[in-house]
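To start, the structure under review is shown below, and the notes come after it.
Bear in mind the structure is a predicted one, so any value in this text is a computation, not a measurement. When a ligand or atom number is given, it counts from 1 through the structure's own listing order. Residues take their numbers from the sequence shown, with the count starting at 1.
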Amino acid sequence: MLDGLTAGAVADAEARAQARPLALVEKTALAQPPARDALAALAPAAQVKIIAEVKRASPSRGDLAEIPDPALQASLYEQGGASAISVLTEGRKFKGSLADLEAVKARVSLPVLRKDFIATPYQVLEARASGADLVLLIVAALEQPLLAELHELVRELGMTPLVETHSREELDRAGDLGARLIGVNARNLSTFELDRDLFGSLAEHFPSDAVKIAESAVLTPADVQHYRAGGADVVLVGEALVTNDPVTTLTAFLEAGS
Ligand SMILES: O=C(O)c1ccccc1NCC(=O)[C@H](O)[C@H](O)COP(=O)(O)O
């Protein structure tokens, strides 16, 4: 599944590159105002922080919400107390786009994450050209030399890489890069199974200077409490926020994580 999603995302980027060649995207990326400081926004604090995701659909859950106005959705997340916004830009299974990211970036003042299946420098440049402040890099999808190259490119462009892991070995690979924002995704990206205990079992192995992010499977305040008790500085939430009132849900989640 992960290989298929990545191959599809790369093919779509290659198609876009026919109309918008790399040199042009690079020029646009370099002309953007500086990226917002995601490390400051997500720094560990007395209260858990939330990355709130704009997510219309997913391979595991199908259609979740129409979200005709992603910028409005993101502004409700900002109002509800989110610390950053994640925008799924993958089109085939998640029904997202770079246009969603651009609309969100223009509306909110929080750092914005491009959440996609990134495997080429072109996709990283596109992210910056569209205003992204953070870029997701999934360790399981990338050999270490390519992961290191993309991690460096994200940083050179002034953005912050969010490095996603699923195991001790992947955490070590993230640590080898000097990653400062590291997530553990509870969702097995091959089987879709959710393991809310995975984060807690890996928390002690994070590099000491990394922000610890628990991704996926937050449906109730108790799930936030569980991740917080396991050592999470930040939780990343999608489904619960697009299928419920975002402001009320964020308020309850932030209270649970205080
Ligand atoms: O959500 C999926 O089905 C999925 C399947 C395969 C690869 C990635 C997938 N989701 C991306 C994410 O990591 C989640 O959107 C994100 O962590 C939020 O998860 P949730 O709160 O459980 O919607």
Side-chain angles (χ1 to χ4, degrees), residues 1-10 12 42 48-65 67 70 73-74 77 80 82-97 100-101 104 112-119 134-142 161-167 170 174 181-199 202 211-228 232-244 246 249-250 252-254 256-257:
M1 172 53 73
L2 181 58
D3 287 349
L5 286 165
T6 306
V10 169
D12 290 346
L42 298 172
V48 79
K49 293 184 175 177
I50 296 181
I51 303 176
E53 185 156 281
V54 177
K55 180 176 187 180
R56 287 197 183 88
S58 79
S60 62
R61 307 281 291 137
D63 288 342
L64 292 168
I67 317 183
Q73 182 80 11
Y77 292 164
S83 293
I85 310 292
S86 166
V87 182
L88 272 157
T89 56
E90 196 274 350
R92 297 183 183 206
K93 296 284 184 187
F94 294 88
K95 301 188 176 177
S97 68
D100 289 347
L101 191 146
V104 167
V112 179
L113 165 71
R114 179 180 190 189
K115 200 150 198 289
D116 208 317
F117 300 87
I118 305 281
L134 301 114
V135 172
L136 184 79
L137 297 174
I138 303 174
V139 173
L142 302 164
L162 194 175
V163 181
E164 178 176 304
T165 67
H166 296 84
S167 67
E170 290 181 12
L181 272 190
I182 304 179
V184 171
N185 198 333
R187 182 173 286 108
N188 180 314
L189 300 187
S190 303
T191 64
F192 298 152
E193 275 169 29
L194 295 172
D195 178 1
R196 289 185 181 82
D197 295 323
L198 182 64
F199 175 84
L202 294 174
V211 177
K212 301 184 189 71
I213 304 179
E215 299 175 48
S216 301
V218 173
L219 293 176
T220 66
D223 296 328
V224 179
Q225 270 167 354
H226 182 69
Y227 279 142
R228 185 62 168 168
D233 302 309
V234 178
V235 294
L236 192 153
V237 188
E239 178 176 342
L241 298 178
V242 300
T243 55
N244 296 289
T249 307
L250 276 165
F253 285 0
L254 286 168

Query - Sub-4.0 Å heavy-atom environment of ligand 1, residues by chain - result: Leu5, Glu53, Lys55, Ser58, Pro59, Ser60, Leu88, Phe94, Lys115, Phe117, Asn185, Arg187, Leu189, Phe192, Glu215, Ser216, Ala217, Leu236, Val237, Gly238, Glu239
Query - Asn185 and Glu164 side chains, donor-acceptor separation under 3.5 Å - result: yes
Report summary line: With sequence neighbours left out, the residues meeting side chain to side chain donor-acceptor pair (under 3.5 Å) with Asp223 are Arg196, Thr220
Query raised in the report: Got a sec: does the CG of Asn244 have more than 12 other heavy atoms crowding it under 6.0 Å?
Result: yes
Query raised in the report: Under the side chain to side chain contact (heavy atoms under 4.5 Å, CB included) test, which residues partner Ser83, sequence neighbours left out?
Result: Leu42, Lys49
Query raised in the report: So, Phe94 versus Phe117, ring centres under 6.0 angstrom or not?
Result: yes
Report task. Applying side chain to side chain donor-acceptor pair (under 3.5 Å), name anything that partners Ser167, two or more places apart in sequence or on another chain. Result -> none
